[in-house]
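Written out below as structure tokens is the structure these notes cover.
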Amino acid sequence: MTELKNDRFLRALMKQPVDVTPVWMMRQAGRYLPEYRATRAEAGDFMSLCMNPEKACEVTLQPLDRYPQLDAAILFSDILTIPDAMGLGLYFETGEGPRFKKSVRTAADIEALPVVDTKKDLTYVTDAVSTIRKELNGRVPLIGFTGSPWTLATYMVEGGSSKDYRRTKAMMYDQPELLHLLIDKLVLSITDYLNEQILAGAQAVQIFDSWGGALSHAAYQEFSLQPMQRIIDGLIKEHEGRQVPVILFTKGGGQWLEMMADTGAAALGLDWTTDIAQAKARVGDRVALQGNMDPAVLYASPKRIREEVGAILKGFGQGPGHIFNLGHGVTPQVDPAHAGAFFEAVHELSAAYHQG
């Protein structure tokens with residue numbers, strides 16, 4: 001087991017003292033980097049890149065090589081690997097996002113779905129995790145991840161991306177037992193998937209509940225939060241002599257922070273619509289907070305980026321328990337130099353909040 005040279009990300013997740021606020025960025029390995037676009041072109045397409053552990057490792061490390069301030073690496077993969085392993089046939093349309101060759105809309109469709117066995121069905125993901133851990137050689141911790149059951153279910157029922165989740169919500173309200181059957185299979189599959197990532201070397205895991213914010217208060221509890229609670233309950237809590245923290249991120253979920261903090265997650269991800277000072281006042285004694293700059297700030301000048309970083313740091317205030325991040329993934333049009341200015345500003349401006 002290689003000693004971690006930089007563990008401030010894991011320390012902040014556990015609300016332990018750090019010298020500066022750790023920072024990483026959702027989608028930090030991605031299309032805004034020319035080196036990523038070159039590797040993706042070599043691989044042929046997005047899924048070929050995901051399914052090649054050496055190439056996935058290469059693109060995971062690219063942002064760390066460019067930005068020495070980064071305090072964590074995140075596995076390069078996709079949230080839809082599980083539905084793909086269930087036999088739905090994932091593919092990507094240029095400019096249209098993910099699509100499935102098959103969708104699930106009937107009881108027969110859902111009953112036919114297997115529960116994913118990661119060791120058998122998703123070895124390319126765990127091989128990528130172990131390859132990345134080896135290549136990192138203790139440089140920074142590695143984050144594994146998954147989509148939430150609700151989020152994956154929307155893609156599976158709709159057959160791809162959706163603006164209104166019409167078919168999924170119709171099933172939820174009209175045939176809730178069907179949606180529960182689908183979500184139950186996803187809970188089992190995701191729990192196995194994250195545990196195998198942890199055993200392969202992931203030192204923290206994040207659950208991306210990208211579309212939980214589209215639900216009503218009652219529906220969020222029943223179809224998103226409770227399934228995520230079951231996953232967290234089933235995860236390996238300690239590995240390699242360290243706790244394995246879970247980050248729970250519901251985009252648009254700022255109104256549910258107290259309930260999210262009850263799940264046992266170590267940290268909650270915040271999008272930019274939630275004020276970090278208010279979030280800390282509500283739940284900050286129970287969980288760490290991750291976030292939460294609007295990704296669009298990266299289109300602004302480095303001076304303006306620095307000001308926004310300063311405002312968020314001031315909002316969180318003194319002490320540990322903050323991991324700086326964007327409120328959602330970095331967008332492809334961002335200038336890589338602006339991302340660098342963001343990371344530099346976090347470390348430079350946050351030191352004052354961790355003294356004494």
Establish, from distance only, whether the side-chain atoms of Q229 and T263 form a donor-acceptor pair under 3.5 Å. no

Are I323 and V283 linked, directly or through intermediate hydrophobic residues, by side-chain heavy-atom contacts shorter than 4.5 Å (ILVMFWY only)? yes

Mind checking whether I79 and L225 sit in one hydrophobic cluster, side chains of I, L, V, M, F, W, Y counted as touching below 4.5 Å? yes

If you group Ile, Leu, Val, Met, Phe, Trp and Tyr by side-chain heavy-atom gaps below 4.5 Å, do L88 and L188 land in one group? no

Check: S48 main-chain N/O paired with D45 side-chain donor or acceptor under 3.5 Å: yes

Verdict with reasoning, T126 to Y193, per side-chain hydrogen bond (donor to acceptor under 3.5 Å, both in side chains): CA-CA 9 Å; T126 49; Y193 185 54; over 6 Å; no

Checking H328 against W272: is there a side-chain donor and acceptor pair closer than 3.5 Å? no

Can you measure from CD1 (I312) to OG1 (T21) and round to the nearest 0.5 angstrom? 11.5 Å

Report the relative orientation of the aromatic rings in Y155 and W211; use parallel for angles under 30°, tilted for 30 to 60°, perpendicular for over 60°. tilted

side-chain contact (heavy atoms from CB on, under 4.5 Å) evaluation trace for Y299 with Q333: CA-CA 8 Å; Y299 296 134; Q333 299 80 14; 3.4 Å; yes

Main-chain N/O of I236 paired to N195 side chain as donor or acceptor, under 3.5 Å: yes

Working note: D262 + R286, criterion salt bridge (charged side-chain N to carboxylate O under 4.0 Å, His left out); need CA distance, chi angles, decisive distance, verdict. CA-CA 9 Å; D262 286 339; R286 295 157 61 197; 2.3 Å; yes

I'd like to know if E348 pairs up with R306 as an ion pair, taking the criterion as any Lys NZ or Arg NE/NH1/NH2 lying under 4.0 Å from an Asp or Glu carboxylate oxygen. yes

Is the backbone N or O of G291 less than 3.5 Å from a side-chain atom of H322, with the two atoms forming a donor-acceptor pair by type? yes

More than 12 heavy atoms of other residues, nucleotides or ligands under 6.0 Å from NZ of K5: yes or no? yes

Verdict with supporting geometry, E42 and N52, side-chain contact (heavy atoms from CB on, under 4.5 Å): CA-CA 11 Å; E42 283 171 22; N52 182 321; over 6 Å; no

Output yes when a side-chain donor or acceptor of Q243 lies under 3.5 Å from a complementary backbone atom of E238, and no otherwise. no

Does one hydrophobic cluster hold both M47 and F145, with members joined at side-chain heavy-atom distances below 4.5 Å? yes

Parallel, tilted or perpendicular: rings of F9 and W24 (30°, 60°): perpendicular

For salt bridge (charged side-chain N to carboxylate O under 4.0 Å, His left out), just list the numbers for K15 and D285, CA-CA rounded to whole Å, side-chain angles, deciding distance to a tenth of an Å, and then say yes or no. CA-CA 9 Å; K15 302 190 71 178; D285 60 334; over 6 Å; no

Taking atom CG of D335 and atom CD1 of I305, what is their separation to the nearest 0.5 Å? 8.5 Å

Rounded to the nearest 0.5 Å, how far does CZ of F316 lie from NZ of K280? 4.0 Å

Report, as yes or no, whether the 6.0 Å neighbourhood of atom CZ on R282 holds more than 12 heavy atoms from other residues, nucleotides or ligands. yes

Check step by step if salt bridge (charged side-chain N to carboxylate O under 4.0 Å, His left out) holds for D65 and R139. CA-CA 11 Å; D65 293 339; R139 194 165 155 189; 2.7 Å; yes

When rounded to the nearest 0.5 Å, the distance separating NZ of K102 from CE of M86 is 12.0 Å

Is K119 salt-bridged to D192, going by a charged N under 4.0 Å from an acidic O? no

Fit a plane to each ring of F76 and Y36, take the angle between them on a 0 to 90° scale, and name the class: parallel (under 30°), tilted (30 to 60°) or perpendicular (over 60°). tilted

To the nearest 0.5 Å, how far apart are OG in S189 and CD1 in I231? 9.5 Å

Using only atom types and a distance under 3.5 Å, with no angle test, would you say the side chain of Y32 pairs donor to acceptor with the backbone of R27? no

Note: I232 and A265 closest approach over all heavy atoms is CD1-CB, 4.2 Å

Run the ring-centre check on F324 versus F342 and record whether the distance is less than 6.0 Å. yes

Donor-acceptor contact below 3.5 Å, side chain K185 vs main chain I110: yes

Separation of I143 CD1 from Q206 CD (nearest 0.5 Å): 7.0 Å

Y165 side chain vs S161 backbone, donor-acceptor pair below 3.5 Å: no

Could you see if Y173 belongs to whatever hydrophobic cluster contains V104? Use Ile, Leu, Val, Met, Phe, Trp, Tyr and a side-chain cutoff under 4.5 Å. yes

Under 3.5 Å, is there a donor-acceptor pair between the T81 and D78 side chains? no

Hey, is the main chain of L235 close enough, under 3.5 Å, to the side chain of K237 for a donor-acceptor pair? yes

The side chain to side chain donor-acceptor pair (under 3.5 Å) partner of D19 among R8, Q355, H354 is R8

For E54 and T131, what are the C-alpha separation, side-chain angles and deciding distance, and is it a side-chain hydrogen bond (donor to acceptor under 3.5 Å, both in side chains)? CA-CA 7 Å; E54 287 71 33; T131 303; 4.7 Å; no

Among T151, D209, D271, side chain to side chain donor-acceptor pair (under 3.5 Å) partner for T250: D209

Ignoring hydrogens and geometry, is there a side-chain-to-backbone donor-acceptor pair from K134 to V129 under 3.5 Å? no

State, without any angle test, whether E158 and T168 hold a side-chain donor-acceptor pair at a distance under 3.5 Å. yes

Are the side chain of Q69 and the backbone of F343 linked by a donor-acceptor contact shorter than 3.5 Å? no

NZ/NE/NH1/NH2 to OD/OE distance under 4.0 Å, R242 and D7: yes

Say whether N6 and D71, considering side chains only, have a donor N or O and an acceptor N or O under 3.5 Å apart. yes

Any chance you could lay out the side-chain contact (heavy atoms from CB on, under 4.5 Å) test for Y353 and K314, step after step, and finish with the verdict? CA-CA 8 Å; Y353 293 96; K314 184 179 179 184; 3.5 Å; yes

Decide yes or no on side-chain contact (heavy atoms from CB on, under 4.5 Å) for L326 and D294, but give the supporting numbers first. CA-CA 6 Å; L326 303 179; D294 183 347; over 6 Å; no

